[in-house]
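Naming convention: chains lettered A, B, ... in sequence-line order (proteins, then strands); numbering from 1 in each chain.
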There are 2 protein chains.
Amino acid sequence: MALEHAILVSLLEKPGSGYELARRFDRFIGYFWTATHQQIYRVLKRMENDGWVEARDVPQQRRPDKKEYSVADLGRAALSSWLHDPIEPESVRHDLAVKIRGAAFDDPAALIREVERHRQAHRDRLAHYLAGEERDFTGAAAGAAVPEAPPDAERELQHVVLRGGIAYERMMIGWLDDVLATLARFGPGH
Amino acid sequence: MALEHAILVSLLEKPGSGYELARRFDRFIGYFWTATHQQIYRVLKRMENDGWVEARDVPQQRRPDKKEYSVADLGRAALSSWLHDPIEPESVRHDLAVKIRGAAFDDPAALIREVERHRQAHRDRLAHYLAGEERDFTGAAAGAAVPEAPPDAERELQHVVLRGGIAYERMMIGWLDDVLATLARFGPGH
DNA sequence: TCGTGCTATGCAACTTGTTGCATAGCAAGT
DNA sequence: ACTTGCTATGCAACAAGTTGCATAGCACGA
């Protein structure tokens, strides 16, 4: 599995607690990975036992203390080895596509609102990604002004992955328009 | 979960055995769902116990007998109820995207072959989908000549889902070209 | 002081999905 | 006879992911 590797990459980009990781996965890494905090805590514990990451207690003001994790040598090696292993192209699972084909055996028009809801969600995500791109990559200073900006390769690779998320959302919005037009043809009364 | 519902839809489109379902999922439904035969047999058994599907023994010539499943009333009702329930937009998990961001902490150029392999896989799938579209939807007769062709709504909805698969593969190929161009900029010699 | 809400960590039970193996019929080639 | 390969079904063990719950610090407002 790759959750461990996703965590390693995220911690290499910036050390953090389980809670922080969960938020990164929720908010921004969302366009290529998702995980709940329970999953993250569990995997993080196993990774610590395996010596992939190291924990450090960080006392905090105005909020509970946290455990900050960073990547250990063993973790770096594990990531490197995984990077050199070929993986299979992803398998896809789209509940919505199942619903669309299933609608043929029910009322196609009843699905319109659902599809519209999904389209709106994809629009929201697209807007979120575009705002992030503007802020972090194509903005005036483009991060070059920030003193502790990550090196070129890291930034460029983050950006190309973000562009993938953007391309995905645009594709989905276009396709859902197509779906809506198709459903409309079997409209009220049908 | 939706594997049960995917099976219901597939069986409504055409009754079949567990083995046949596994092949449908492998070969063609692949662009919106995947499942192994073990999963399918297990779920099919549970669905039979729940009265969602009915099995019929079909003796065959020149090959082992099979159990042909078809959808029972309870299954149709379960599908209908699921269709009217809202679902969450899919969560995405792209190992390859994790690798791309991870490459910043290893050798970016080492990833080029892997990405090329994936691009080729997506090209193959695209060709497969386009061939299926030509054959089933945009070919001269467009299935209208076939006496037992499914009704309009069913065909149209199958087609729009297929168009989604095609759009997805095209988007992926385009993005992977972008990724390759980006990786090339951190080429040999670091 | 009581509730609300965010930060922060975690357990337990359950559901899904994967991997490896086993069985068996039947056809075709060596 | 033996192997290969496709059809056809299935078990068992394991890995991964989800859901519901529990705890606790601290801030802020009613």
Side-chain angles (χ1 to χ4, degrees), chain A residues 1-7 11 15-27 29-30 32-50 53 55-69 82 85 87-95 98, chain B residues 1-7 11 15-27 29-30 32-50 53 55-69 82 85 87-95 98:
Chain A
M1 84 133 165
L3 174 55
E4 285 144 330
H5 303 110
I7 289 175
L11 288 180
S17 68
Y19 189 81
E20 283 163 353
L21 282 169
R23 295 218 327 207
R24 287 184 213 170
F25 278 73
D26 264 5
R27 293 196 180 170
I29 309 191
F32 71 90
W33 206 267
T34 54
T36 59
H37 77 272
Q38 291 88 342
Q39 231 183 308
I40 290 168
Y41 281 123
R42 194 206 283 153
V43 170
L44 224 31
K45 181 151 285 181
R46 188 174 65 228
M47 290 168 78
E48 195 184 356
N49 287 337
D50 293 347
V53 296
R56 189 171 65 95
D57 281 322
V58 177
Q60 293 189 113
Q61 308 290 325
R62 311 173 148 266
R63 55 180 66 173
D65 299 348
K66 65 176 180 180
K67 282 205 285 186
E68 193 180 80
Y69 289 90
W82 177 71
D85 259 15
I87 49 171
E88 289 306 303
E90 335 287 329
S91 53
V92 185
R93 281 179 196 182
H94 282 283
D95 292 304
V98 177
Chain B
M1 84 135 166
L3 174 55
E4 284 145 329
H5 303 109
I7 288 175
L11 288 180
S17 68
Y19 189 81
E20 282 162 354
L21 281 170
R23 294 219 326 207
R24 286 185 214 171
F25 279 73
D26 264 6
R27 294 197 180 169
I29 310 189
F32 70 90
W33 207 268
T34 54
T36 60
H37 78 271
Q38 291 88 343
Q39 233 183 306
I40 290 168
Y41 281 123
R42 194 209 282 155
V43 171
L44 224 31
K45 182 152 285 183
R46 186 174 67 227
M47 289 168 79
E48 196 184 357
N49 287 337
D50 293 348
V53 296
R56 189 172 67 93
D57 280 321
V58 178
Q60 294 191 113
Q61 307 291 324
R62 312 176 144 264
R63 55 179 66 175
D65 298 349
K66 66 175 181 179
K67 282 205 286 186
E68 194 180 80
Y69 289 91
W82 177 72
D85 259 13
I87 50 171
E88 288 306 303
E90 334 288 329
S91 53
V92 185
R93 281 178 195 182
H94 283 283
D95 293 314
V98 177

task = Could you pull out all residues at least two apart from Tyr41(A) that satisfy ring pair (Phe, Tyr, Trp, His ring centres under 6.0 Å)?
result = His37(A)

With 3.5 Å as the limit, what N/O pairs link the protein to nucleotides 15-21 of chain C?
from	atom 1	to	atom 2	distance (Å)
dG17(C)	OP1	Arg93(A)	NH1	3.1
dG17(C)	OP2	Gln39(B)	NE2	3.0
dG17(C)	N7	Arg42(B)	NH1	3.2
dT18(C)	OP2	Arg93(A)	NH2	3.4
dT18(C)	OP2	Gln39(B)	OE1	3.1
dT18(C)	O4	Arg42(B)	NH2	2.6
dG20(C)	O6	Gln38(B)	NE2	3.3

inquiry  = Would Glu90(B) and Arg93(A) count as a side chain to side chain contact (heavy atoms under 4.5 Å, CB included) here? Give the steps.
reply    = CA-CA 8 Å; Glu90(B) 334 288 329; Arg93(A) 281 179 196 182; 5.7 Å; no

remark   = Rounded to the nearest 0.5 Å, the CE atom of Met47(B) sits from the CG atom of Leu11(B) at a distance of 6.5 Å

key: For atom CD of Glu90(A) and atom C1' of dA16(D), their distance in whole Å   = 16 Å

ask   = Considering residues at least two apart in sequence or located in another chain, which fulfil the salt bridge (Lys or Arg N to Asp or Glu O under 4.0 Å) criterion with Arg42(A)?
value = none

query = Can you tell me if the side-chain N/O atoms of Ser17(A) get under 4.0 Å from OP1 or OP2 in dT7(C)?
reply = no

ask   = Atom CD of Glu68(B) to atom C1' of dA8(D): distance rounded to whole Å?
value = 14 Å

query = Roughly how many Å is it from CZ in Arg56(B) to P in dA8(D), rounded to a whole number?
reply = 14 Å

Which nucleotide in dT9(C), dT9(D), dA24(D) has an atom nearest any side-chain atom of Lys67(A) = dT9(C)

ask   = So, is Lys66(B) close to the dT7(D) phosphate, meaning a side-chain N or O under 4.0 Å from OP1 or OP2?
value = no

note = From CD of Gln60(A) across to C1' of dA27(D) the rounded distance in Å is 14 Å

inquiry  = Working note: Thr34(B) + Val92(A), criterion side chain to side chain contact (heavy atoms under 4.5 Å, CB included); need CA distance, chi angles, decisive distance, verdict.
reply    = CA-CA 7 Å; Thr34(B) 54; Val92(A) 185; over 6 Å; no

query = Who are the side chain to side chain donor-acceptor pair (under 3.5 Å) partners of Gln39(A), not counting sequence neighbours?
reply = none

key: N or O in side chain of Tyr41(B) less than 4.0 angstrom from dG10(D) OP1/OP2   = no

request  = List the atom of Ala22(A), the atom of Ile40(A), and the distance in Å for their closest heavy-atom pair.
outcome  = CA-CD1, 3.4 Å

task = Mind calculating the distance between CG (Leu44(A)) and P (dC11(C)) to the nearest angstrom?
result = 12 Å

request  = State, to 0.1 Å, how close Asp95(A) and Trp82(B) come at their nearest heavy-atom pair, and which atoms those are.
outcome  = O-CH2, 3.7 Å

Contact list (N/O, under 3.5 angstrom) for nucleotides 27-30 of chain C vs protein:
none

inquiry  = Restricting to salt bridge (Lys or Arg N to Asp or Glu O under 4.0 Å), what partner residues turn up for Arg56(B), sequence neighbours left out?
reply    = Glu68(B)

ask   = Any side-chain N or O of Tyr19(A) less than 4.0 Å from the OP1 or OP2 oxygen of dT7(C)?
value = yes

